[in-house]
Structures are given as structure tokens and as C-alpha cells.
There are 2 protein chains.
Amino acid sequence: MERDVFSALADPTRRQVLDLLTRRERAAGELGRAFPQISQPGMSRHLRVLREAGLVQVRQDRQHRYYSLRSERLAEVDAWISKYRGFWGTELDSLEAYLDGSKKAARGKRT
Amino acid sequence: MERDVFSALADPTRRQVLDLLTRRERAAGELGRAFPQISQPGMSRHLRVLREAGLVQVRQDRQHRYYSLRSERLAEVDAWISKYRGFWGTELDSLEAYLDGSKKAARGKRT
DNA sequence: ACGGTATATATCATTACAGTTATATTGTCG
DNA sequence: CGACAATATAACTGTAATGATATATACCGT
């Protein structure tokens with residue numbers, strides 16, 4: 001179990017699945033139909049990878065399984081990439097401002 | 001060439017290399033020595049993957065090759081993950097803590 | 001040019017992964 | 001119960017990624 005989040009994100013189909021889930025939760029079959037080039041078991045496996053990475057959660061309603069996003073792991077990825085934000089401009093400042101705290105944040109990282 | 005950024009980020013060693021490069025540029029050998037469990041050619045290949053993904057650039061000085069971060073692709077990843085930022089709107093605490101403390105990294109934080 | 005250092009490529013074995021077909025599980029309905 | 005729908009797992013296949021050893025290329029000092 002315990003699957004790596006970054007590895008889960010490495011597959012373009014899985015990233016597209018996550019994109020679809022930003023709108024609303026979706027049943028497994030609905031997601032499968034959104035990718036006609038992939039078989040039903042294939043999609044089921046992708047969903048399992050996303051599940052084991054903690055990127056999605058499932059809610060079972062009758063014979064349907066509804067997938068939706070889980071924020072925690074996505075936030076981890078965001079936290080990781082945020083370390084590099086100082087390298088492409090001043091976006092960090094706006095983020096800093098957004099974080100009201102202004103407790104210091106990672107400054108002085110400009111080359 | 002054109003290699004997928006997310007696939008390049010899927011490997012933990014390569015992510016650690018990027019982490020090292022946030023501080024300053026480093027020679028290939030310096031990076032290799034930071035990972036004793038990986039052979040010199042192994043590190044060279046990791047660096048190639050990062051290069052082909054556009055995540056790093058190389059500057060050659062004498063017999064040394066100095067690797068440093070390239071912001072463009074990292075910014076792409078950041079743009080992608082930003083689509084999900086609305087999903088943990090008020091739960092930005094983890095990110096805040098990450099930028100703030102930097103001592104107790106937010107990675108490995110089980111929820 | 002020679003020997004040493006720094007780094008990359010070639011080749012090969014092993015492993016991981018995406019995709020397929022077939023089958024199993026679980027739930028619904030008549 | 002029997003048939004069907006929704007989803008997951010099993011077994012297999014081809015491909016790509018990883019890591020190691022050996023070798024090649026490039027640069028430096030003497």
C-alpha cells in the first residue's frame with residue numbers, strides 16, 4: 001500500500017482523472033467512459049494507484065463507487081514545490097501575503 | 001529528449017538532487033558523493049533525466065559540470081498543482097508550517 | 001604525450017509499470 | 001434464485017526505468 005504520490009502523478013491519465021475530480025466527485029464508470037482508449041480494468045487500476053497514494057477517496061453508494069479528491073497529499077506536493085517558488089519570481093511574496101501570518105517565510109533564496 | 005517533468009519527479013533521488021540545488025549549484029561529482037548508495041554512472045543518468053525534463057541546466061567550467069535549477073518547468077508543475085489549491089483553502093496550515101518552520105518538514109506528515 | 005580526475009555513455013540484468021482479456025465480487029431487480 | 005450492471009482482481013505481455021560494471025570522452029597538470 002503506501003504508494004508514492006509523485007509516482008502516482010507521473011501518469012498523464014491519472015493527472016487527467018484528478019483534473020476531472022476537481023469539478024465534482026465521479027463514479028468509477030463515469031471516469032472510465034471519459035477515457036475510451038483505456039479499458040475498464042485499466043481505469044480501475046489507475047484508480048487503485050490514486051487511492052493507495054492517498055490522492056482520492058471512495059464513497060460507495062449502492063453499486064456505484066464515487067471517487068473524490070483528498071486534499072492532504074495534494075497539499076504535500078504543493079508544499080514541496082513551494083520550496084522552489086523563489087526561483088521564478090515574486091509569486092512567493094503574494095503567497096506570503098496570502099498567508100497573513102507574515103511570520104517570516106523562506107526569503108533570501110534568490111540567486 | 002522532451003521528457004515528462006512529472007516522471008522525472010517520480011524518483012526520490014532526483015527530488016533530493018533538486019533539493020540540494022536549491023541552495024546553490026553543484027558539480028556532478030559533488031551530487032554523486034551526496035548519494036553514496038548510487039554509483040557514479042547512476043547519478044549521471046539521473047542528471048540526464050533531469051536535464052531532458054528541463055528541470056536543470058549545466059554550466060561547464062574546466063573539467064567540472066555545474067548543475068543548477070531551471071525555473072520554467074518547475075513553474076509548470078506549480079501551475080498544475082495550483083488548480084487544486086482551492087481544495088485545502090483553510091487547511092493551508094501545513095504549507096504555512098512548511099514555509100515557516102522548515103525544521104519539521106511537512107513531508108511525511110500523516111493525516 | 002602521459003597519468004589522473006571528472007563526467008558521460010554502452011551494455012546488460014532486473015524490476016516496475018501500463019495495458020489487455022478473462023474472471024471474480026458485489027449489488028440490484030424481477 | 002437468475003440475469004444484469006458496476007467495479008475490482010488475476011494472469012499475462014510488452015515496454016520502459018533503474019542500477020551495476022565496464023568503457024569512453026574531455027580536461028588538467030607535469
Side-chain angles (χ1 to χ4, degrees), chain A residues 1-21 24-70 73 77, chain B residues 1-21 24-70 73 77:
Chain A
M1 317 326 165
E2 252 310 295
R3 198 181 276 259
D4 178 35
V5 179
F6 287 90
S7 303
L9 294 178
D11 186 272
T13 301
R14 288 195 289 266
R15 290 198 300 275
Q16 289 178 49
V17 166
L18 293 179
D19 284 351
L20 282 176
L21 294 181
R24 60 174 178 279
E25 68 173 7
R26 311 222 184 205
E30 196 184 347
L31 292 168
R33 268 173 260 116
F35 299 85
Q37 70 278 16
I38 292 181
S39 65
Q40 179 268 314
M43 176 55 65
S44 185
R45 276 189 28 140
H46 279 306
L47 293 173
R48 174 155 73 153
V49 172
L50 290 172
R51 241 188 298 127
E52 290 177 356
L55 288 165
V56 300
Q57 56 195 349
V58 199
R59 171 179 75 81
Q60 180 147 8
D61 180 36
R62 312 291 181 171
Q63 71 268 57
H64 294 263
R65 279 178 165 83
Y66 289 97
Y67 283 83
S68 56
L69 290 179
R70 265 187 86 197
R73 294 299 148 82
V77 175
Chain B
M1 306 312 172
E2 251 317 289
R3 198 181 275 261
D4 180 35
V5 179
F6 287 91
S7 303
L9 294 177
D11 186 274
T13 301
R14 288 195 288 266
R15 290 198 298 276
Q16 288 177 52
V17 166
L18 292 178
D19 283 351
L20 282 176
L21 294 181
R24 60 174 180 281
E25 68 173 9
R26 310 221 186 208
E30 196 183 347
L31 292 167
R33 267 174 261 114
F35 300 86
Q37 71 278 16
I38 292 183
S39 66
Q40 179 268 316
M43 176 54 67
S44 185
R45 279 193 36 139
H46 278 307
L47 293 175
R48 174 154 75 152
V49 171
L50 291 172
R51 243 187 297 125
E52 292 177 354
L55 288 164
V56 300
Q57 57 196 347
V58 199
R59 171 179 75 83
Q60 180 147 8
D61 179 35
R62 313 288 184 173
Q63 70 269 56
H64 294 265
R65 279 180 166 81
Y66 289 97
Y67 283 83
S68 56
L69 290 180
R70 263 188 85 198
R73 294 301 148 78
V77 175

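Numbers restart at 1 for each chain; the letters A, B, ... are given by sequence-line order, proteins then strands.
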Closest to the [X] side chain: [options]?
X	options	answer
B:R51	D:dC27, C:dT9, D:dA8	C:dT9
A:P41	C:dG19, D:dT18, C:dA22	C:dA22
B:Q63	D:dA6, C:dT7, D:dC28	D:dC28

Are [X] and [N] close enough that a side-chain N or O sits under 4.0 Å from OP1 or OP2?
X	N	value
B:R62	D:dC28	yes
A:R65	D:dT7	no
B:H64	C:dT7	yes
A:Y67	D:dA6	no
A:H46	C:dG19	yes
B:S39	D:dA20	yes

Between the main-chain N or O of B:Q57 and the side-chain N or O of B:R70, is there a donor-acceptor pair closer than 3.5 Å?
no
Indicate yes or no for a side-chain donor-acceptor contact from A:R65 to the backbone of A:A28 under 3.5 Å, with no hydrogens or angles considered.
no
Partner of A:E52 under salt bridge (Lys or Arg N to Asp or Glu O under 4.0 Å), chosen from A:R45, A:R3, A:R73, A:R14:
A:R3
Specify the separation, in whole Å, of atom [atom1] of [X] and atom [atom2] of [N].
X	N	atom1	atom2	answer
B:F6	C:dA18	CZ	P	15 Å
B:E52	C:dA8	CD	P	12 Å
A:R59	D:dA6	CZ	P	16 Å
A:L47	D:dA8	CG	C1'	10 Å
A:F35	C:dT20	CZ	C1'	18 Å
B:R48	C:dT9	CZ	C1'	7 Å
A:D61	C:dT26	CG	P	18 Å
B:L50	D:dA17	CG	C1'	14 Å

Residue pair B:L55 / B:V49, side-chain heavy-atom distance below 4.5 Å
no
Can you find a pair of side-chain heavy atoms, one from B:Q16 and one from B:L20, that are under 4.5 Å apart?
no
With nearest nucleotides of DNA chain D determined for A:V58 and B:D11 from heavy-atom distances, which residue corresponds to the more 5′ nucleotide?
A:V58
Is it the case that D:dA8 (base atoms only) and A:Q40 (side chain only) share a donor and an acceptor within less than 3.5 Å, ignoring hydrogens and angles?
yes
With a 3.5 Å cut-off and just heavy-atom distances, do the side chain of A:R45 and the base of C:dA18 make a donor-acceptor pair?
yes
By nearest-nucleotide position on DNA chain C, the 5'-leaning member of B:M43 and A:T13 is B:M43
Base, sugar-phosphate or nothing for [X]? Non-hydrogen atoms, less than 4.0 Å.
X	value
B:R33	nothing
B:G29	sugar-phosphate
A:Y66	nothing

Carboxylate-amine/guanidinium proximity below 4.0 Å for A:D4 and B:R15
yes
